[in-house]
Amino acid sequence: MPQLFEEFKGRDLIKQSTVELDRLKTILNGDPISVYAGFDPTKPSLHVGHLIPIMILSHMQKAGHRPICIVGGGTAMIGDPSGKDSMREMLTNETLENNVRGIRGQLSKFIDFSNEKALLINNYDWLGFENYIDFIRRIGPHFTVNRMLAAECFKIRMEKGLSFLEFNYMILQAYDFYTLFMKYNCQLQIGGDDQWSNIIAGVELIRRIEGKEAFGMTNPLLTRSDGKKMGKTEGGAVWLDPELTSPYDYYQFWRNTADSDVVKFMKIYTFMSLDEIAKFSSLSGEELNSAKEILAYEATKIVHGTIEADKAREAAKNIFSAGNIADAPGVEIPAGEVIGETVSALCVKAGLFSSKGEAKRMIEQGGLSMNGIKVTDPLKIIDNTDINKGLITLKKGKKVFLNIEIS
RNA sequence: GGGUCAGUGUCCGAGUGGCUAAAGGAGGCAGACUGUAAAUCUGCUGGCGCACGCCUACGGUGGUUCGAACCCAUCCUGGCCCA
């Protein structure tokens with residue numbers, strides 16, 4: 001088993017570090033430390049885009065370190081301007097609390113929070129009670145505006161306008177790091193490379209106030225080989241919450257990975273050993289198709305567990321290989337709302353298309369099959385002969401399957 | 001606070017009184033080819049019993065006009081310049 005640093009290197013998880021690599025190596029491979037990453041609770045669920053830091057924390061915990069997850073109830077009220085060209089919507093307290101709760105549950109699938117082996121902290125605990133005058137007198141002198149303005153993360157906003165509110169985000173995140181450093185002796189902050197400015201701000205703050213050294217490390221920001229942002233699909237983000245993205249869809253997301261990304265994703269998004277992954281790197285072309293299955297299975301397993309991953313894999317096999325679509329996702333619709341309806345109306349009701357107009361277009365273009373037969377007439381009326389054993393199976397395009405259960 | 005420019009569909013962005021459901025691009029969806037891949041080519045891409053019709057839409061509200069995304073007033077939001 002390779003040591004942590006080698007593991008990270010092998011998985012291409014290190015982009016920038018505040019110290020030279022050989023020092024980083026002794027830190028990562030050395031005595032247990034506390035390591036922190038922040039998550040913005042702007043949504044009730046994390047999505048695939050959040051996964052890299054989570055995986056890093058998970059690896060670190062396995063190597064004996066202690067992860068600290070900050071769910072930024074305090075900072076989310078500000079909104080991180082990094083990489084955004086417009087100001088973020090402000091959130092109400094209730095949605096924030098709700099979001100924090102959801103995220104906590106998801107993190108615990110990757111990180112063991114029992115017996116304080118890892119901590120989950122809301123930075124509102126301290127940010128919420130700071131006195132403004134007090135705060136700026138204590139922290140303010142350590143930052144110069146000119147330095148801050150030079151930071152990469154503010155650059156794009158210098159054109160479009162940056163509110164003072166958002167400008168403070170960096171300071172608050174630095175203060176988070178400082179607080180954790182003082183309270184928990186947290187020495188390392190990790191995050192996406194877009195967090196680099198915020199991370200070094202924290203490192204500097206600690207050095208200035210305490211004269212002590214803390215470290216920062218970033219992971220590369222992943223774009224898929226087709227240049228699209230990770231974790232976004234037609235339907236929006238791919239969520240970790242099974243209510244928002246079903247395990248089946250989650251599996252399908254990974255299953256549809258581009259050839260050129262398969263090995264890269266295995267390294268980052270699964271716990272498969274590097275040796276094991278190496279076997280796949282020599283594959284090319286059609287052979288890679290089976291590697292995608294493994295990637296999808298492993299990635300799904302981590303988030304949704306073995307049982308759901310098995311189910312998703314089975315369902316996918318049955319649907320795509322055996323042509324048996326009984327395992328496809330299903331919706332239940334009362335018989336009265338099915339018989340006598342047009343196909344287009346049924347599809348809309350089942351959520352396959354968002355409007356009848358769209359359904360009609362798709363059908364006219366040959367994009368819909370019902371019970372395995374291509375539908376050509378959008379106004380076709382559904383009758384009893386279309387129902388097999390209480391089911392109508394619909395297929396949109398090549399790979400979106402839906403069973404309508406008639407109740 | 002003063003001056004000035006801007007706010008258009010998922011996003012970017014044209015349009016500056018009727019020819020505008022609104023150019024173009026991106027994104028998305030679908031068809032063909034495939035390996036549940038990529039690339040490529042093609043079609044579609046506000047809603048509705050959706051060929052001809054109706055409704056909703058160009059920051060909000062009110063107005064001018066036979067007719068407004070486009071003109072006027074006012075408000076909101078933002079940029080830039082000045083204080």
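Just so it is clear: chains get the letters A, B, ... in the order the sequence lines come, proteins before strands, and each one is counted from 1.
In this structure, a donor-acceptor pair under 3.5 Å is absent between the side chains of A:Q187 and A:S34. When only modelled atom types and interatomic distance are considered, A:R137 and A:N131 share no side-chain donor-acceptor pair under 3.5 Å. A side-chain donor from one of A:Q195 and A:N198 sits under 3.5 Å from a side-chain acceptor of the other. Counted by atom type alone, A:S246 and A:D249 present one or more donor-acceptor pairs between their side chains at under 3.5 Å. A:S273 and A:D275 are not linked by any side-chain donor-acceptor pair at a separation below 3.5 angstrom, with hydrogens and angles left out of the test. Side-chain atoms of A:R138 and A:Y175 include a donor-acceptor pair closer than 3.5 Å.
If you take CG of A:D327 and P of B:rU36, they are 18 Å apart, rounded to a whole angstrom. Here the C1' atom of nucleotide B:rA38 and the CZ atom of A:F265 are 13 Å apart, to the nearest Å. For the pair A:F353 CZ and B:rC50 P, the interatomic distance rounds to 19 Å; values are reported in whole Å. Following rounding to the nearest Å, A:D261 (CG) and B:rA38 (P) show an atom-to-atom distance of 10 Å. If you measure from atom CG of A:L394 to atom P of B:rA30, you get 14 Å, rounded to the nearest angstrom. Between the CG atom of A:L379 and the C1' atom of B:rG49 there is a distance of 8 Å, rounded to whole Å. Taking atom CG on A:L368 and atom C1' on B:rA30, their separation rounds to 11 Å, with Å as the unit. Atom-to-atom, NZ of A:K374 to P of B:rA30 comes out at 12 Å; the value is rounded to the nearest Å.
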Worksheet entry | Pairing pattern in dot-bracket form [Watson-Crick, G-U; both distances under 3.5 Å; | = partner strand] for RNA chain B | ((((((((.[[[..)..(.....]]]((((((.......))))))(((....)))...[[[[[..)....]]]]]))))))).
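Exactly one of A:E210, A:R208, A:E204 qualifies for a side-chain hydrogen bond (donor to acceptor under 3.5 Å, both in side chains) with A:Y178. That residue is A:E210.
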Are there any protein N/O atoms within less than 3.5 Å of an N/O atom in nucleotides 41-46 of chain B, and if so, which ones and at what distance?
residue	atom	partner	partner atom	Å
B:rG43	N2	A:Q365	OE1	3.2
B:rG43	N3	A:Q365	OE1	3.3
B:rC44	O4'	A:Q365	NE2	3.1
B:rC44	O2'	A:R361	NE	2.6

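In this structure, the nucleotide among B:rG35, B:rU36, B:rA38 sitting nearest to the side chain of A:D259 is B:rG35. Out of B:rA30, B:rG31, B:rA37, the shortest distance to the side chain of A:K399 is found at B:rA37. When distances are taken from the side chain of A:K398 to each of B:rU36, B:rU34, B:rC50, the shortest belongs to B:rU34.
Between the C1' atoms of B:rA83 and B:rC11, the separation comes to 37 Å (whole Å). Comparing the P positions of B:rC44 and B:rA26 gives a spacing of 15 Å, expressed to the nearest Å. Taking the P atoms as reference points, B:rG28 lies 16 Å from B:rU10, given to the whole Å. Between B:rG60 and B:rC66, the two P atoms lie 25 Å apart (nearest whole Å). Here the separation of B:rC71 from B:rC48, taken at their C1' atoms, is 32 Å to the nearest Å. One P atom belongs to B:rG63, the other to B:rC12, and the distance between them is 31 Å to the nearest Å. When the C1' atom is used for both B:rU65 and B:rC72, the distance is 11 Å, rounded to whole Å. When the P atom is used for both B:rA69 and B:rU77, the distance is 25 Å, rounded to whole Å.
Within residues 285-294 of chain A, the residues that have a heavy atom under 4.0 Å from RNA chain B are, in order of number, A:G285, A:E286, A:N289, A:K292.
As judged by a 4.0 angstrom heavy-atom cut-off over every strand, A:T257 is placed among residues touching the sugar-phosphate backbone only. Residue contacts shown for A:G357 include a base, since a base heavy atom lies under 4.0 Å away. Residue-level contact check: A:A316 touches the bases, meaning some heavy atom is under 4.0 Å from a base atom.
Along RNA chain B, the nucleotide nearest A:S321 and the nucleotide nearest A:S354 are compared for position; the residue whose nucleotide lies closer to the 5' end is A:S321.
To the nearest 0.5 Å, the span separating CG on A:L346 from CD1 on A:I382 amounts to 5.0 Å.
Taking the charged nitrogens against the carboxylate oxygens, A:E308 and A:K311 do have a contact shorter than 4.0 Å, which makes a salt bridge. Using a cut-off of 4.0 Å between Lys/Arg side-chain N and Asp/Glu carboxylate O, A:E276 and A:K267 are scored as not salt-bridged.
Contact between the side-chain N/O atoms of A:K360 and the OP1/OP2 oxygens of B:rA51 is found at a separation under 4.0 Å.
With A:F271 as the aromatic partner, A:K62 meets the cation-pi criteria of under 6.0 angstrom to the ring centre and within 45 degrees of the ring axis.
The aromatic ring centroids of A:Y36 and A:F177 lie less than 6.0 Å from each other.
The backbone N or O of A:L221 sits nowhere less than 3.5 Å from a side-chain atom of A:D193 that would complete a donor-acceptor pair.
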